[in-house]
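Have a look at the structure below before the remarks.
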2 protein chains.
Amino acid sequence: MAQTIDITLTTNKKEKPPENKLGFGIYYTDHMFILDYSVEKGWYDPRIVPYQPITLDPAAKVFHYGQTIFEGLKAYRTKDGRIQLFRPQKNFERLNRSNARLSIPDVDGELALQALQELVRVDQDWIPSAPGTSLYLRPFVIATQAALGVAPSTEYKFMIIMSPVGAYYAEGMNPVKIYVESDHVRAVKGGVGEAKTAGNYAAGLNAQQAASEKGYSQILWLDGVQRKYIEEVGSMNVFFKIDGTVYTPSLNGSILAGITRDSIIHMLKSWDIPVVERPITIEELYEAGANGTLEEAFGTGTAAVISPIGEMNWQDKPLVIRDGSTGELTAKLYDTLTGIQNGDIEDPYGWTVEVKQ
Amino acid sequence: MAQTIDITLTTNKKEKPPENKLGFGIYYTDHMFILDYSVEKGWYDPRIVPYQPITLDPAAKVFHYGQTIFEGLKAYRTKDGRIQLFRPQKNFERLNRSNARLSIPDVDGELALQALQELVRVDQDWIPSAPGTSLYLRPFVIATQAALGVAPSTEYKFMIIMSPVGAYYAEGMNPVKIYVESDHVRAVKGGVGEAKTAGNYAAGLNAQQAASEKGYSQILWLDGVQRKYIEEVGSMNVFFKIDGTVYTPSLNGSILAGITRDSIIHMLKSWDIPVVERPITIEELYEAGANGTLEEAFGTGTAAVISPIGEMNWQDKPLVIRDGSTGELTAKLYDTLTGIQNGDIEDPYGWTVEVKQ
Ligand SMILES: Cc1ncc(COP(=O)(O)O)c(C=O)c1O
Ligand SMILES: Cc1ncc(COP(=O)(O)O)c(C=O)c1O
């Protein structure tokens, strides 16, 4: 049942940035959504208000104990002027799995989706339409109780902010160089790796900076226990086509269950291309590289959708994939999935959700 | 060289809570310290201002990517009316080690100490004087840049807030029951366990809640790789006296280097009691329990200083220590260390720092 979301419109609309200068997560739209939580009232007061700073006690738990989770998805403007979301229910299912791991109370997924659609509708002028652009949507929950005892917060805010984002491949698809990290780890079984929570990203900043100074744009993370199983690439899941079969690490408790990952697996299956989820070691990848069976490699995630991998470096051993060119299947997956997302291609999977204008 | 810290005093002092109802981290003093950072200016504008909410963009990185670290220490009011800090330089050394791990720029330790002393001086009326009470000091850094790209922030705030805290053992020292966690892990080698950063605490909330529902007040964490080495107990380091020797897990990269831990090791050495830092398995602890050589067990940390452990539970096997009573050495360490901290005992180690009033 639809709840009433209170809407306060801004009287002071911002100027929109040029669509060829959007970047990622730099500009924010005119409005945002807020929902409050207290132990006594549960979640209350859903409202859309002008985008504005939030005011928190300096003792708010989010600052000290990191009790926070987030989501990321996109709204697309189709050529015929409609607005589409891509599998948004999946994001709110994952949001609540993250919530459970972080001892944060469940958010009503239906209300969250309603709020998301309403907010996108209110700020629909912000959805860019140049090829490859979209409106990035960031739902998140923060613990706001002002108390320094280490215990779950009694107060939270669920919010949604939105940012118009640029084309990831403005100059055409460009395979990335990735650095296989042997020192730091992102997550470990029993930890919070499968939750989309702030601490996972903080833990990766150091290694990411070091890799970028060496000329690599992303980190490939190995598992924290044996340091040999491939986990993820930066904020992406990762796939390898070896001898005609596509492999991706199984969801083992320390990997984020990407919605793009799930979609790619579905698409491959529907195309009758063999796809296998299993633990993959970095050694076997290098072997496949050496014996010529490593045909393609790519990362998957909401931001880039698909990112071809052209080169890896593990313990100073380089592994060049396809001479650094984008694979055929990689390109086909990218074209099809982005086509479905932006409405250029009919959606055979029932994944897109239209936002009423 | 002392820097100039701008001071704005409140015109509206709060009422102080009764000293027998302080709890931990519930009440905050009248003022706080802030220091800002930008890439262009470095750290700038050190100031003491009335305690007040802070205003941040909802896209501030601390909310999304957990780039934040903190410290915790105490100020004590001595019987003769002086104010003492305990090894505060150590906290700012650790703060900068945490900063480095989280890709946060170094804070000038001298300025931080000066700010801490100045803030304590300004709010000195807030230092409680009932036995066991103190003023808890919480320096912390948060990433404030409004940007959703996963990269270190270009803006930060370093702040200090303060909270009068109650006697931990208002009813006398009471050994705690701890639950040995076999499912979740707090940290792993290569992660951020040795940094005092928010995500480590968020990761532990779930297990802590489950343990508390089973009647245990703390979690004992095992290592994330082999799940057999003892790491920490809640927010405390841990010590075991076995057959006359005191053992504590060595600093292995996933354990926080506690300042209380370091102080206890120093004290034991100066008392000629053998103390050994090495990896300790949970099995050997249970063996020592079974063969009668496990003489005492206690946690160490700023909040409780020393917390005797009366009982453990690992995989449904209970291990009762000393019939649940506090050990002699545990009590002596507690009395001596708290005595030094609150000024009842002369400080032979040069650990205390007096705050000018
Ligand atoms: C750590 C991590 N892995 C993988 C992904 C990919 O998930 P999704 O495809 O749902 O965007 C993300 C999010 O973008 C992520 O943050
Ligand atoms: C995880 C953790 N371990 C150990 C300690 C003990 O450190 P210290 O003795 O410096 O308070 C703390 C902080 O109190 C902590 O948060």
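The figures that follow rest on heavy atoms only: side chains count, while hydrogens, waters and symmetry mates do not. Lettering of chains follows the sequences in order, A, B, ..., and the numbering in each one begins at 1.
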- Message: I need the residue from B:G224, B:S103, B:G23, B:G199 with the largest number of non-hydrogen atom pairs under 4.5 Å to chain A.
- Response: B:S103
- Can you say whether B:A60 sits under 4.5 Å from chain A via the side chain, the backbone, both, or neither, judging by heavy atoms? neither
- Message: Please rank A:I69, A:N200, A:V150, A:I26 by heavy-atom pairs under 4.5 Å with chain B and give me the top one.
- Response: A:V150
- Give the member of A:A207, A:A202, A:A198, A:A303 that has the highest number of heavy-atom pairs under 4.5 Å with chain B. A:A198
- Can you say whether B:F24 sits under 4.5 Å from chain A via the side chain, the backbone, both, or neither, judging by heavy atoms? both
- Item | Contact class of B:N206 relative to chain A, heavy atoms under 4.5 angstrom | both
- What part of B:Y27 lies closer than 4.5 angstrom to a heavy atom of chain A: side chain, backbone, both or neither? neither
- Message: With rounding to the nearest 0.5 angstrom, report the CD to OG1 distance, B:Q52 to A:T55.
- Response: 10.0 Å
- Note on the structure: Given A:G149, A:S163, A:G234, A:A59, the one with more heavy-atom pairs under 4.5 angstrom with chain B than any other is A:A59
- From the list B:M159, B:R186, B:Q208, B:R101, the residue making the most non-hydrogen contacts under 4.5 Å with chain A is B:R101
- Query: Among A:L205, A:V225, A:L102, who wins on heavy-atom pairs under 4.5 Å with chain B?
  - Reply: A:L205
- Note on the structure: Residue from B:M32, B:Q209, B:Q67, B:R138 scoring the most non-hydrogen pairs under 4.5 Å with chain A is B:R138
- Task: Determine the option with the most heavy-atom pairs under 4.5 angstrom with chain B, choosing from A:G191, A:G66, A:S235, A:A100.
- Result: A:G66
- Leading residue by heavy atom contact count with chain A [cutoff under 4.5 Å; candidates B:L56, B:V141, B:T68]: B:L56
- So what's closer than 4.5 Å to chain B heavy atoms on A:F140: side chain, backbone, both or neither? side chain
- Part of A:A195 lying under 4.5 Å from any heavy atom of chain B: neither
- Task: Answer with side chain, backbone, both or neither: which region of A:F63 has an atom nearer than 4.5 Å to a non-hydrogen atom of chain B?
- Result: both
- Region of B:I142 that comes under 4.5 Å of a non-hydrogen atom in chain A: side chain
- When every non-hydrogen atom of A:P53 is compared with those of B:P58, the smallest separation belongs to CA-CD, 4.0 Å
- Item | Which atoms of A:F70 approach chain B - backbone, side chain, both or neither, heavy atom under 4.5 Å | side chain
- Query: Which bit of A:Q145 comes within less than 4.5 Å of chain B, counting heavy atoms only: side chain, backbone, both or neither?
  - Reply: neither
- Determine the option with the most heavy-atom pairs under 4.5 angstrom with chain B, choosing from A:R227, A:Q226, A:K61. A:R227
- Message: Looking at chain A, which one of B:A143, B:G72, B:P152 has the largest number of heavy-atom pairs inside 4.5 Å, strictly under?
- Response: B:P152
- Message: Let's test your reading of the structure: which of B:A151, B:G204, B:A187, B:S212 forms the most heavy-atom pairs below 4.5 Å with chain A?
- Response: B:A151
- Query: Should we say atom NZ of B:K189 is surrounded by more than 12 heavy atoms from elsewhere, each under 6.0 Å from it?
  - Reply: no
- Task: Could you look at A:V192 and say if it's the side chain, the backbone, both or neither that has a heavy atom under 4.5 Å from chain B?
- Result: side chain
